[in-house]
Structure formats: structure tokens, C-alpha cells
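Heads up, the thing below is written out as C-alpha cells.
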Amino acid sequence: MLIDSFQRKISYLRVSVTDRCDFRCNYCMPEDMDFLSKKDVLSLEELNRICNTFIELGVKKLRITGGEPLVRKNIMQLFYNLGNKLGNELEELSLTTNGSQLEKYAKDLFKSGVRRINVSLDSLEKNKFKKITRFGDLNKVIKGIMTAKNVGLKVKINTVALKGINDDEILDLIDWCGKNKFSLTFIEVMPMGEIGEKRLDQYMPLTDVKKLIQTKYSITKDSLKTAGPATYVHCHETDQKIGFITPHTHNFCELCNRVRITCTGEMYMCLGQQDKADLKKPIRQSENNQALKETIYEAIKRKPKGHDFSISREKEKEYVPRHMSVTGG
Ligand code: SAM
Ligand code: SF4
């Protein structure tokens, strides 16, 4: 079992299987983003081996993310391999995606054992969607989301609140998600990586989003408290749960049960901190997993108490230098 020095039990692993993406969302990365060379990236077999070791050590939930996980070649192989563990040691296998490849893969994802997916969607307007994602095709994403729904996947929509960009669509997104029975979570922009523009210009506090919602809907606090960063309200008119991830205004670290690995085998104990452990070396040095397990145990002991994101720090260029696409959100 993995227990950190603050007695938090680590049972959730997020795996970024690629840093590459077919979109370039303007709050996530610059248009001319440099991606890793393929030779630095772990093979799917190596990622599978790391995941299985974490499962052996007590991890119950796995989320596959990226970059865009579904653009990685043969990615279904990993889903099928990990899906075999469901019902035994593993309780949940899930995915965070931009939805661009969902039409193609939704059925396979369901077959592999995935039941819930998070899809990032920041706008329901074609042109605005293109402007935010730079390369995204809204129709394709919506078709993908509907395919996922139709094959039986439970869909949660994640929307980053962007000042002056999608704040006029908050109510429409709630309405659309309500009609389709999707839960919806709003996220505040986090200061991660250079994006070639000012984040403060994009930042919209979710307290403003809540105020906006209350101009049309009645919401009450939902008692649901997960180990995740979101707090929830219930929206009565749409009978739907709405989540808020507010790293700048709400501290969610005391219940944190997760760690992350990147596609190069770096293990991050906190999304908002720099400390990491190298898992590539121990898996390449030996076919036996002992050294890998020892590295993981040692890293868990170093898991920090919490992040210290602050949007204003960006003024002093002190933000977390990695992009969100490296650790997968
Ligand atoms: N490509 C997939 C997607 O977009 O869902 C998975 C990876 S993406 C990095 C995971 C989540 O991080 C998405 O919901 C995205 O909107 C969010 N994200 C990316 N950069 C962010 C930032 N700087 N602040 C807050 N959320 C961010
Ligand atoms: Fe790609 Fe996801 Fe980042 Fe958008 S948020 S650029 S879809 S990794």
C-alpha cells in the first residue's frame, strides 16, 4: 500500500501516454509547441508495466490522459491490457480526452472496460471552438461525444472558464449538458507552461461563474465530497451536478490520493510542484520490478502537502514551467 508522510493513501494514478495533441488549446500550449522526440517516450509495454506495478502497490483507479491519449498509435492495446485487471485489483479505468477521436474509439473503449470518460469542451460555437483549440473541429467532437453516450459511456464535460471568451456560453453549456445528462465541471486556468500569451487575461474566477449561473438557475451545495479537487452543486432546473475546480480560491490538497506519470516515465507527486522521480531508469535497468517499486515508495514519501498555484505569480515568471499536457491535468 502507498501511504505518504501526511497519511494520505495513494490509490489513483493518472497516466499521460503522450505529450502530443491534435489541438493546441490556447490556455494549454503555444501554437508552435515543441513535442518530445519519439525515442524519449516509453513504449506501451513499459507504460503497462508501470501501471501494473502501481496496481500491485494498491492503486485502484487509473486515468489515461495526455496530450491527447487517443492520438497515440495502438493506444487501445493499453486499454485492453489494463481493462483485464478490472474487477480484480483495479476498480476503475477512465480517460480524459478532447473528443476528436471518440467516434472511432468509443465502442472499443467500452469493450475494454471503460465506463466513464471526461471530455474537454470549452465552447459550443464552431468558430469560437476553433479559435480556442486552433485545430479543433466542433462537429467531430460533438459526434464523438454522442457516439460515446450511445455506446453507454458516462460522459463528464470539463470546461475551462476563459474570461471574455466563453463566459457568454456558461449558461448554454449547462443547458446542453443538462439535456444530454452529462455532468459538467468548470475549471480555473492554472499557470502551467509558457503559452505565448498572458494567462491573467484568460483567468476567470469560478466565483464569477457561480454568480452567472445563479442569474438563471437555482443551485445548492451538493454534499458529494470526493478525493478529487472539485466541489459540487446541484442544479435544480436541469437536475444535474456541476463541479468547480478552483485551485486559486480553494485548497483541495488535504484529501489528495493521486500521483501522475508522464509518457517518459517521470512520476510527479503533485500537479503544482516540480519534484519528480524517474521511473524509466529502474524499468530499463532490470526486468524485475523491485527497483521500480523502491523508487515509487521513496517518491511517495516526498509527496508534498499541497500545491501553491497562484495566478499572480506569473507576473514574476514563477509559474510551473511544464505544460498541463505533460502531466495530463
Ligand atoms: N487532451 C485531453 C483533453 O483536453 O481533455 C487530455 C489532456 S488535457 C491537458 C487535460 C485537461 O487539462 C483538459 O480538461 C484541459 O482543458 C485542461 N487544461 C489544460 N491546460 C490547462 C491550464 N493551463 N489550466 C487549467 N486547465 C488546463
Ligand atoms: Fe490538447 Fe488537451 Fe491541451 Fe487542448 S487541453 S491542447 S486538447 S492536451
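Each ligand, and each atom within it, is numbered from 1 in the order the structure gives.
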Neighbour count above 12 (heavy atom, 6.0 Å) for [X] [atom1]:
X: Lys128; atom1: NZ; value: yes
X: Arg20; atom1: CZ; value: yes
X: Lys104; atom1: NZ; value: no

- request: May I ask you to list the atoms of ligand 2 that are less than 4.0 angstrom from any heavy atom of Gly67?
  value: 8 (S)
Cys28 near atom 3 (Fe) of ligand 2 via N/O/S, less than 2.8 Å: yes
message: Test side chain to side chain donor-acceptor pair (under 3.5 Å) on Gln240 and Ser183; report intermediate values, then the result.
response: CA-CA 6 Å; Gln240 153 208 40; Ser183 48; over 6 Å; no
Top protein contact for atom 4 (Fe) of ligand 2, by heavy-atom distance: Cys25 SG, 2.3 Å
message: Quick test: of every protein heavy atom, which one is nearest to atom 2 (Fe) of ligand 2, and how far off is it to 0.1 Å?
response: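 Ranking protein heavy atoms by distance from atom 2 (Fe) of ligand 2, first comes Cys21 SG, 4.4 Å.
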task: Verify side chain to side chain donor-acceptor pair (under 3.5 Å) between Thr96 and Arg63, making sure each step is shown before the conclusion.
output: CA-CA 7 Å; Thr96 301; Arg63 177 173 293 276; 3.0 Å; yes
query: Just wondering, do Leu36 and Cys263 contact through their side chains at under 4.5 Å, heavy atoms?
result: yes
query: Is the closest side-chain heavy-atom distance between Asp22 and Leu70 below 4.5 Å?
result: no
Ligand 1 polar-atom proximity to protein (N/O, under 3.5 Å):
from	atom 1	to	atom 2	distance (Å)
ligand 1	1 (N)	Gly67	O	3.0
ligand 1	1 (N)	Glu68	OE1	3.3
ligand 1	4 (O)	Ser120	OG	3.3
ligand 1	5 (O)	Thr97	O	3.1
ligand 1	5 (O)	Ser120	OG	2.5
ligand 1	14 (O)	Ser120	OG	2.8
ligand 1	16 (O)	Tyr27	OH	2.8
ligand 1	23 (N)	Tyr27	O	3.2
ligand 1	23 (N)	Met190	O	2.9
ligand 1	23 (N)	Arg199	NH1	3.3
ligand 1	24 (N)	Met190	N	2.8

- request: With side-chain contact (heavy atoms from CB on, under 4.5 Å) as the test, would you mind laying out the steps for Arg302 and Glu298 before giving the verdict?
  value: CA-CA 7 Å; Arg302 304 202 309 264; Glu298 203 274 323; 2.6 Å; yes
task: With heavy atoms under 4.0 Å as the rule, classify the contact between His323 and ligand 2 as side chain, backbone, both or neither.
output: neither
